[in-house]
Amino acid sequence: MDVLNHATLADLPHYLDAWNPKTLPPIRRRALAAGAVPALCAALAEAGFAPRIDHDLETFAETRAALGDPRWSKLAEPCDPDLNPGASAADTFIVYLVNPAGDLWGCAASRLRWIEGPLSVAIAGQSVLAERPDRLPPGQRFEAFGGALDAIRDVPVAWGSSLWAHDKAPRMLVPAVMRLLHLWTYAHWQWSYTVSIGQPRIADRYGLDVHGYDMVARGARRVVSEGATTEYRLMIAGRARIRSLIDDPGFADLTRDLSALGG
């Protein structure tokens with residue numbers, strides 16, 4: 001699994017070493033520090049995972065290119081460094097999972113973005129996907145639709161990337177990555193919704209149970225100049241939903257479906 005040079009990931013801090021949430025009230029910070037964070041890291045260690053945290057989208061892009069499925073066309077997203085050169089540690093993080101030998105199993109990223117107006121308009125205008133729309137592939141545009149998108153407006157959104165996994169990764173990889181992603185996002189940023197665009201075959205099957213969102217809906221379509229279209233799903237969860245997952249004692253049990261947890 002020599003996807004990246006091992007030294008590239010070996011230099012990244014462990015998830016616990018990088019844990020320093022600042023946006024939560026003290027009582028919430030203490031609860032996470034004593035409960036969900038160490039419990040989840042212990043569960044990951046038992047499953048043979050070591051979590052790493054980084055903020056460099058260039059390394060993430062290199063990883064994504066190595067792990068990407070060539071059968072599915074690349075989707076522009078807020079974690080593309082070429083489209084979003086302004087990404088920084090203040091609004092960007094990447095979760096990696098490696099095995100004890102340091103081999104990469106998989107990764108996912110998230111970016112904190114402000115949505116001005118309805119989310120549907122931001123997606124259609126591609127401002128949520130790219131700080132530099134001029135770098136998007138020529139002739140490509142997005143259509144966004146659905147009442148849920150119009151209801152999400154004028155709020156900060158934690159926008160999740162696609163999740164990338166080695167084809168020989170253990171079955172527990174995706175539940176593990178999503179728990180790490182939700183926990184870090186919840187503790188470190190102030191936001192109202194977490195949103196991700198996904199392939200229908202993935203989102204419809206896993207969006208609620210494994211990825212932990214509480215809504216999977218038709219809502220985005222990519223249209224190229226020749227008229228060809230590709231359908232995508234939007235996976236959405238409000239902050240209260242993510243908080244209820246993290247507060248559930250079953251959050252650290254990687255075998256539990258996230259849809260069965262929380263209020």
Side-chain angles (χ1 to χ4, degrees), residues 23 72 75-80 84 91-95 107-130 141-164 174-222 229-248 251 256-263:
T23 62
W72 192 264
L75 175 65
E77 57 178 43
C79 296
D80 186 322
N84 296 279
D91 59 19
T92 305
F93 80 96
I94 303 106
V95 171
C107 58
S110 186
R111 292 209 64 206
L112 184 64
R113 305 299 296 270
W114 172 260
I115 303 300
E116 184 75 18
L119 179 58
S120 58
V121 174
I123 293 176
Q126 305 197 83
S127 61
V128 70
L129 301 173
R141 72 180 190 276
F142 275 85
E143 294 178 353
F145 46 90
L149 302 188
D150 292 332
I152 298 175
R153 57 187 305 140
D154 299 317
V155 293
V157 167
W159 194 277
S161 76
S162 300
L163 190 153
W164 305 91
V174 176
V177 170
M178 290 309 304
R179 282 163 166 81
L180 288 167
L181 201 72
H182 289 320
L183 185 51
W184 183 277
T185 303
Y186 170 75
H188 290 79
W189 292 341
Q190 294 179 352
W191 49 271
S192 298
Y193 294 91
T194 179
V195 180
S196 182
I197 292 182
Q199 303 171 23
R201 63 185 176 88
I202 300 296
D204 291 345
R205 184 173 181 182
Y206 302 111
L208 304 180
D209 293 339
V210 179
H211 291 263
Y213 296 93
D214 59 2
M215 178 189 302
V216 176
R218 295 180 64 241
R221 180 187 298 118
R222 183 172 63 178
T229 64
T230 304
E231 295 286 340
Y232 292 93
R233 296 288 188 265
L234 285 165
M235 297 177 284
I236 304 170
R239 185 176 178 88
R241 171 57 181 161
I242 299 302
R243 180 172 62 242
S244 73
L245 295 180
I246 294 168
D247 287 345
D248 194 299
F251 185 70
R256 296 279 303 275
D257 284 344
L258 289 175
S259 60
L261 305 182

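All residue numbers refer to positions in the sequence shown, counting from 1. Worth knowing before you read on, the calculation uses all heavy atoms, side chains too, and leaves out hydrogens, waters and symmetry mates.
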Subject >> With R111 via salt bridge (Lys or Arg N to Asp or Glu O under 4.0 Å) - residues at least two apart >> reply: D91, E131
Subject >> Listed partners of R153 passing salt bridge (Lys or Arg N to Asp or Glu O under 4.0 Å), at least two apart >> reply: none
**OP:** Return the minimal non-hydrogen interatomic distance between S120 and A144, and the atom names on each side.
**Re:** O-CB, 3.5 Å
Subject >> Partners meeting salt bridge (Lys or Arg N to Asp or Glu O under 4.0 Å) with D247 (sequence neighbours left out) >> reply: R28
**OP:** Any salt bridge (Lys or Arg N to Asp or Glu O under 4.0 Å) involving residues 234-246? Give me the pairs, sequence neighbours left out, ordered by first then second residue.
**Re:** none
Original post:
Short question: side chain of S196, backbone of W159 - any donor-acceptor pair under 3.5 Å?
Top reply: no
Original post:
Quick check: does any side chain N or O of S244 sit under 3.5 Å from a backbone N or O of G262, one acting as donor and the other as acceptor?
Top reply: no
**OP:** Mind checking the CD1-CD1 spacing from I123 to I115? Nearest 0.5 Å is all I need.
**Re:** 7.5 Å
Original post:
Once you round to the nearest 0.5 Å, how far does CG of N84 lie from SG of C79?
Top reply: 8.0 Å
Subject >> Test log, rule side chain to side chain contact (heavy atoms under 4.5 Å, CB included), inputs Y213 and L258 >> reply: CA-CA 8 Å; Y213 296 93; L258 289 175; over 6 Å; no
Original post:
What are the two closest non-hydrogen atoms of V155 and Y193, and how far apart are they?
Top reply: CG2-CD1, 4.1 Å
Original post:
What distance separates I246 CD1 from L183 CG, expressed to the nearest 0.5 Å?
Top reply: 5.0 Å
Subject >> Audit row: H188, L112, side chain to side chain contact (heavy atoms under 4.5 Å, CB included) steps and yes/no >> reply: CA-CA 10 Å; H188 290 79; L112 184 64; over 6 Å; no
Subject >> N/O donor-acceptor pair under 3.5 Å between T194 side chain and A158 backbone >> reply: yes
Original post:
Considering all heavy atoms of both residues, which atom of C107 and which atom of V177 are nearest to each other, and what is their separation?
Top reply: C-CG1, 4.4 Å
**OP:** Assess whether side chain to side chain contact (heavy atoms under 4.5 Å, CB included) is satisfied between L234 and V216, documenting all intermediate values.
**Re:** CA-CA 6 Å; L234 285 165; V216 176; over 6 Å; no
Original post:
How long is the span from the CD1 atom in I242 to the NE2 atom in H182, to the nearest 0.5 Å?
Top reply: 4.0 Å
**OP:** If the plane angle is over 60° it's perpendicular, under 30° parallel, otherwise tilted; pick one for F93 and W184.
**Re:** tilted
List, one per line, each side-chain donor-acceptor pair under 3.5 Å for residues 204-212, sequence neighbours excluded.
residue: D204; atom: OD1; partner: R233; partner atom: NE; Å: 2.8
residue: D204; atom: OD2; partner: R233; partner atom: NE; Å: 3.4
residue: D204; atom: OD2; partner: R233; partner atom: NH2; Å: 3.1
residue: D209; atom: OD1; partner: S259; partner atom: OG; Å: 2.3

**OP:** Show your working on side chain to side chain contact (heavy atoms under 4.5 Å, CB included) between M178 and L245 and close with a plain yes or no.
**Re:** CA-CA 11 Å; M178 290 309 304; L245 295 180; over 6 Å; no
Original post:
Partners of D154 by salt bridge (Lys or Arg N to Asp or Glu O under 4.0 Å), sequence neighbours excluded?
Top reply: none
Subject >> Distance (rounded to the nearest 0.5 Å) between W164 CH2 and I94 CD1 >> reply: 14.0 Å
Original post:
CG of L119 to CD1 of I236: how many Å apart, nearest 0.5 Å?
Top reply: 6.5 Å
